[in-house]
4 protein chains.
Amino acid sequence: MAADGGFAAAHLRAFIERIERLEEEKRALLGDIKEIYGEAKANGFAPKIMRQVVRLRKMDTSERQEQEALIDVYLKALIDTPPPSALAAE
Amino acid sequence: MAADGGFAAAHLRAFIERIERLEEEKRALLGDIKEIYGEAKANGFAPKIMRQVVRLRKMDTSERQEQEALIDVYLKALIDTPPPSALAAE
Amino acid sequence: MAADGGFAAAHLRAFIERIERLEEEKRALLGDIKEIYGEAKANGFAPKIMRQVVRLRKMDTSERQEQEALIDVYLKALIDTPPPSALAAE
Amino acid sequence: MAADGGFAAAHLRAFIERIERLEEEKRALLGDIKEIYGEAKANGFAPKIMRQVVRLRKMDTSERQEQEALIDVYLKALIDTPPPSALAAE
DNA sequence: TCGCCTGATAGTTGCC
DNA sequence: GGCAACTATCAGGCGA
């Protein structure tokens, strides 16, 4: 790669530049999102809860439903086997 | 730290050794868990589903319950606002 | 909040919608970045190294060198304490 | 599986219980490790550096140097391509 | 078996 | 200054 007259280096530069450009955009986007949570908080909403809500709404629409039935079967088989964490509640 | 006659170095060594020892144990534990999933698979169970089940059982017993009510309120407020991903399903 | 005639709910909906819209954009951006790393890989570059490079370029040079120096001090303090993995080599 | 008189369910329960037990141990182990880093910090060591040191000691020396060399090559190829952050300094 | 992708872990940052 | 949330990296599991 070093013996190619710098062509590879130029290639690499192009990739890195594109990536860094997109990362800048991403950074801006993250800032915008954060700002909205800030506004919401100023209006009496709980950002933490809102984040969970956004997350849940994402999950619910995924292909998870397809496997839901099987998960349910497994969970039901364990219905009288409480998870260990239940002990911590004492 | 360099001018302490190596006392700090000995101290650091002790900490690192303890950590590396525990990491070894952790590694072994992960191996055991993996093995069990393998056994289960050999018995006709789906490891992937089992992992999700374990995960769900963990979540259900966490402090999430405390915030569950509030999450519910938020979700209900959004009941006629479908998430964007619904559009992708077309 | 529940007793406000739904005004708060409408407000919440507006916030969530804005957030979910931006998250869609973010998702797209992440996909683009990933794609570029994929292209780079197909051209013989190592994505893992590229990521480190992008990260290093974000840091101030002096800060980076300071960290490396400290790492070196720690490593040297452990010079006669072989890591556990050496044992596995037997 | 459902028509087996619950034998499979019992089997599944056994697997899940073993897994959850081991996960508890893992959780405890992680807590212990975290605790040691805390102690070290209280004694004037930098946990962040320690973690990197532990990580480096896990890698083979030659492998590590190989990576560093490659990072250097990449960085040098980008030497006249300033990162975007330089623009922010203006 | 390889590549992809999701889930786990470490680092960073902002809040309290 | 410590704590907790969020982001990014990494490794293991899954599917082709």
Side-chain angles (χ1 to χ4, degrees), chain A residues 19-20 22-23 26-38 41-42 46-52 54-55 58-59 62-64 66-67 70, chain B residues 19 22-23 26-27 29-38 40-41 45-56 58-59 62-64 67, chain C residues 19 22-23 26-27 29-31 33-35 37-42 46-60 63-64 67 71, chain D residues 19 22-23 26-27 29-31 33-39 41-42 44 46-56 58-59 67 71:
Chain A
I19 289 167
E20 285 179 338
L22 291 175
E23 295 242 325
K26 188 178 80 175
R27 187 186 189 76
L29 220 41
L30 290 175
D32 292 346
I33 291 171
K34 189 176 178 180
E35 205 174 332
I36 297 177
Y37 279 115
K41 184 179 182 180
K48 182 176 169 184
I49 303 295
M50 288 174 69
R51 286 180 189 273
Q52 291 187 242
V54 169
R55 187 164 174 263
K58 221 185 297 182
M59 288 176 53
S62 73
E63 61 191 290
R64 170 187 159 191
E66 181 190 351
Q67 303 181 337
L70 194 48
Chain B
I19 288 166
L22 292 175
E23 297 242 324
K26 189 178 84 175
R27 187 185 189 76
L29 223 39
L30 290 175
D32 292 347
I33 292 171
K34 186 177 175 178
E35 207 173 332
I36 298 176
Y37 280 114
K41 183 177 182 178
F45 298 105
K48 180 178 171 181
I49 303 295
M50 288 175 69
R51 287 179 187 273
Q52 292 188 240
V53 164
V54 169
R55 188 163 174 262
L56 285 174
K58 218 184 299 179
M59 288 176 54
S62 72
E63 60 191 293
R64 171 185 158 193
Q67 304 181 338
Chain C
I19 289 167
L22 292 175
E23 296 244 324
K26 187 178 83 175
R27 187 186 190 77
L29 223 40
L30 289 174
I33 292 171
K34 190 176 179 178
E35 206 174 332
Y37 279 115
E39 281 182 57
K41 183 178 182 179
K48 182 178 169 183
I49 303 294
M50 288 176 68
R51 285 179 189 274
Q52 293 195 56
V53 164
V54 168
R55 188 165 178 266
L56 288 173
R57 282 159 62 86
K58 253 186 270 188
M59 303 177 57
D60 189 283
E63 182 187 2
R64 176 193 160 197
Q67 276 205 12
I71 290 175
Chain D
I19 289 167
L22 292 176
E23 296 242 323
K26 190 180 81 174
R27 186 188 191 75
L29 224 39
L30 289 175
I33 292 171
K34 188 177 177 178
E35 206 173 331
I36 297 176
Y37 279 115
E39 280 184 57
K41 182 179 183 178
K48 178 181 164 183
I49 303 295
M50 289 175 68
R51 285 180 188 273
Q52 293 196 56
V53 164
V54 168
R55 188 163 177 268
L56 288 173
K58 250 184 274 188
M59 305 177 56
Q67 276 207 10
I71 290 175

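Regarding D:Arg27, its CZ atom lies at a distance of 12 Å from the P atom of E:dA8, rounded to whole Å. Protein atom CD1 of C:Ile71 is 10 Å distant from nucleotide atom P of E:dG11, rounded to whole Å. Separating the CE atom of D:Met59 from the C1' atom of F:dT9 is a distance of 14 Å, rounded to the nearest angstrom. In this structure, D:Lys34 places its NZ atom 12 Å from C1' of F:dG2, rounding to the nearest Å. Rounding to whole angstrom units, CG of residue B:Leu29 and P of E:dT9 are separated by 11 Å. For C:Tyr37 and E:dC4, the OH to C1' distance is 17 Å, given to the nearest whole Å. Nucleotide F:dG13 holds its P atom 12 Å from the CD1 atom of D:Ile19, rounded to whole Å. Remark: P of F:dG1 and NZ of D:Lys41 are 10 Å apart, rounded to the nearest angstrom.
Of all heavy-atom pairs between D:Ile19 and B:Met50, the closest is CD1-CE, 3.9 Å. For the pair D:Lys26 and B:Leu30, the tightest heavy-atom approach, listed with the atom from each and the gap, is CD-CD2, 3.7 Å. Contact record, C:Glu23 with A:Val54: OE1-CG1, 4.2 Å, taken as the closest heavy-atom pair. Between C:Val53 and D:Ile71, the shortest heavy-atom distance links the atoms CG2-O, 4.1 Å.
With sequence neighbours left out, C:Met59 forms a side-chain contact (heavy atoms from CB on, under 4.5 Å) with C:Leu56, C:Glu63, C:Arg64. Not a single salt bridge (Lys or Arg N to Asp or Glu O under 4.0 Å) links D:Glu35 to another residue, sequence neighbours left out.
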**Request:** Heavy atoms under 4.0 Å is the rule here; annotate nucleotides 3-8 of chain F 5' to 3' with B where the base is hit, S where only the sugar-phosphate is, and - elsewhere.
**Result:** --SSSS
